[in-house]
Number of protein chains: 2
Amino acid sequence: MSQFAEPTTAPETVAEALARMDAIAETLPKRLKQCATFTRHHLHLIAVSTVSEMAQAADVAPSAFMRFCQAMGFSGYSDMQALFRTQFTSFRPDYDTRLAQLRPSVGADAGRLMMDFAESGHKSLLSLTGSVTSESMNGAAKAMAEARIVHLIGLRRAYAVAVNMAYYFGKLEVPCVLHASVGLQDLAPVICKDDVLFAITFAPFSEETIKLARRAANNGARVIGLTDSETCPLSSFADDVLLVRENEVGGFRALNGAITLSTALSVAVGAVKNTD
Amino acid sequence: MSQFAEPTTAPETVAEALARMDAIAETLPKRLKQCATFTRHHLHLIAVSTVSEMAQAADVAPSAFMRFCQAMGFSGYSDMQALFRTQFTSFRPDYDTRLAQLRPSVGADAGRLMMDFAESGHKSLLSLTGSVTSESMNGAAKAMAEARIVHLIGLRRAYAVAVNMAYYFGKLEVPCVLHASVGLQDLAPVICKDDVLFAITFAPFSEETIKLARRAANNGARVIGLTDSETCPLSSFADDVLLVRENEVGGFRALNGAITLSTALSVAVGAVKNTD
DNA sequence: CCCTAAATGAAATTTTTATTCCATACGCTG
DNA sequence: CAGCGTATGGAATAAAAATTTCATTTAGGG
């Protein structure tokens, strides 16, 4: 036995789990360290894999992976997996109870609120690596790199994301136009065949964004969408739709997933353009 | 039995599955249609949930959900789940080699790049909880909630963060002005004693932002800074400085830490204002 | 209003997966 | 290089989940 050495209070958040993992990694014996290393780099797999699968991928015996979970302070693999699954299920049955716990804190403690948003950010990033495929990223990057002009549209909550991309495109010398709400109507005809429109909209979807995207599609432009829901109207006519599910804290969603994806995509577009 | 009616060739992609689902939805009996509707609306749950959980959430018996899977052309729930799980696992090729060399050459693989930025985001969020204290958050939230007007300034890379806060302040009815680069000079006198200026600037620091902040301080306004380095000029005259260290990927920094902090802070300000 | 075919849900069964146990291998210390 | 404690992987066991079965209900047609 070795667990008598640990304080053995199980991590209750992804942030805690990551911290614990980093903390104990060096002290673990060979095989268990292998587990730690692999897990750290494939966090997103925990939610959807069995112990055997994880063990095999990490090249250890299932029982070794089991011991790793216990060294982390969990009672077993299922226990650990449950934590990483909440990113998807946080609005399921126990959602109400969780939310009820969060709401009181919203009123008072800004520090606590920041911890909640940080935790929420971890979860958004975890699901990001699951919901967006390598192919769709590469496809989008290639299309945008080949475009005559990349048009960016994102209103309200999505505006910050559009602004973020516009900044990187500026730095990387990717020709782009950031469409703001004024003059949306007038500018639609400008978007034409060899262009790409990158449209960002989160539920409830902005009517103006959808309208502009539809007109662009009719003009023959390629439309790539970034949204947070399968029910996004863009899905019906856009050429590609990237789906980012953001976690929420008491009804508010930070933009971690979207900011990360848009930054990676912008840099990728710049990279493709510069390797031509 | 009813499956003799179907062509019963199982969908092999998510797209095919969705098409099939839409195609058969209308022809299904009550309970099975319930399954289809729920599943269509909560696609992301399939990968991480058991039949019982899905059935319960859709308010049908597990066996009914089972029949739904078969009507879809799958042999059972596991079969269907496997399809939705591949989108998580299909995405990792040779990622390990990458992190061995902690210095990623910004290559053309957008998928890998996203993994790098996601990992970088985790690290930014971890250090966030270390470098920003609860007290400084609470102090900033209180000051901003009591201000006559909150002025926001952030240029270039920091602009997305300022835009993000402006959005939340708008929603939460916190009086605020977002200062853009045009008219910076003219607007400085507007910032006066009972106001707070929230200035966001990352290294290399934007001259205009510093200048505006300094003039605001001279006018007697309270200045709160958000930056990523101890060497920020704001430190010498701002009332508070929040420090967020962002991780980088090949020289590029995503805004995870700053977006998370600014969102939490905005919500906190709104909360303090509304509990008065 | 009855009869028939389809649909439904509870419970039994089978299969898969998690977890524990233990004999063996390994590495360290004296 | 012997002796001891730890680490390890395979095999046994326990738990959980998927799948099937079947008695009962429901809806529609004659």
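Every heavy atom of this structure was used, including side-chain atoms; hydrogens, water molecules and symmetry mates were not. A note on names: the letters A, B, ... follow the listed sequences, proteins ahead of strands, and every chain is numbered from 1. Keep in mind that this is a model prediction, so the values were computed, not measured.
Ionic pairing of A/Glu230 and A/Arg245 is present here: one or more N-O contacts between side-chain nitrogen and carboxylate oxygen are shorter than 4.0 angstrom. Between B/Asp116 and B/Arg112, no side-chain nitrogen of the basic residue sits less than 4.0 Å from a carboxylate oxygen of the acidic one, so the salt-bridge criterion is not met.
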Legend entry - Contact state string [nucleotides 8-16 of chain C, B base, S sugar-phosphate only, - no protein heavy atom under 4.0 Å]: BBB------
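Under the 3.5 Å distance criterion, the side-chain polar atoms of B/Arg85 are matched with a main-chain donor or acceptor of B/Ala47.
B/Met54 places its CE atom 14 Å from the P atom of D/dT19, with the value rounded to the nearest Å. Atom CG in A/Leu28 sits about 9 Å away from atom P in D/dA7, given to the nearest Å. Separating the CZ atom of A/Phe68 from the P atom of C/dT20 is a distance of 16 Å, rounded to the nearest angstrom. One can place CD of B/Gln70 at 14 Å from C1' of C/dA7, the figure rounded to the nearest angstrom.
Using cut-offs of 30° and 60° on the angle between ring planes, the pair A/Phe65 and A/Tyr77 is perpendicular.
When the nearest nucleotides of DNA chain C are assigned to A/Ser75 and A/Glu53 by heavy-atom distance, the more 5′-ward of the two goes with A/Glu53.
Side chain to side chain, B/Gln70 and B/Arg67 fail the donor-acceptor criterion of an N or O pair below 3.5 Å.
When side chains are defined from C-beta on, B/Val48 does not count as touching A/Phe84, because their heavy atoms never get closer than 4.5 Å.
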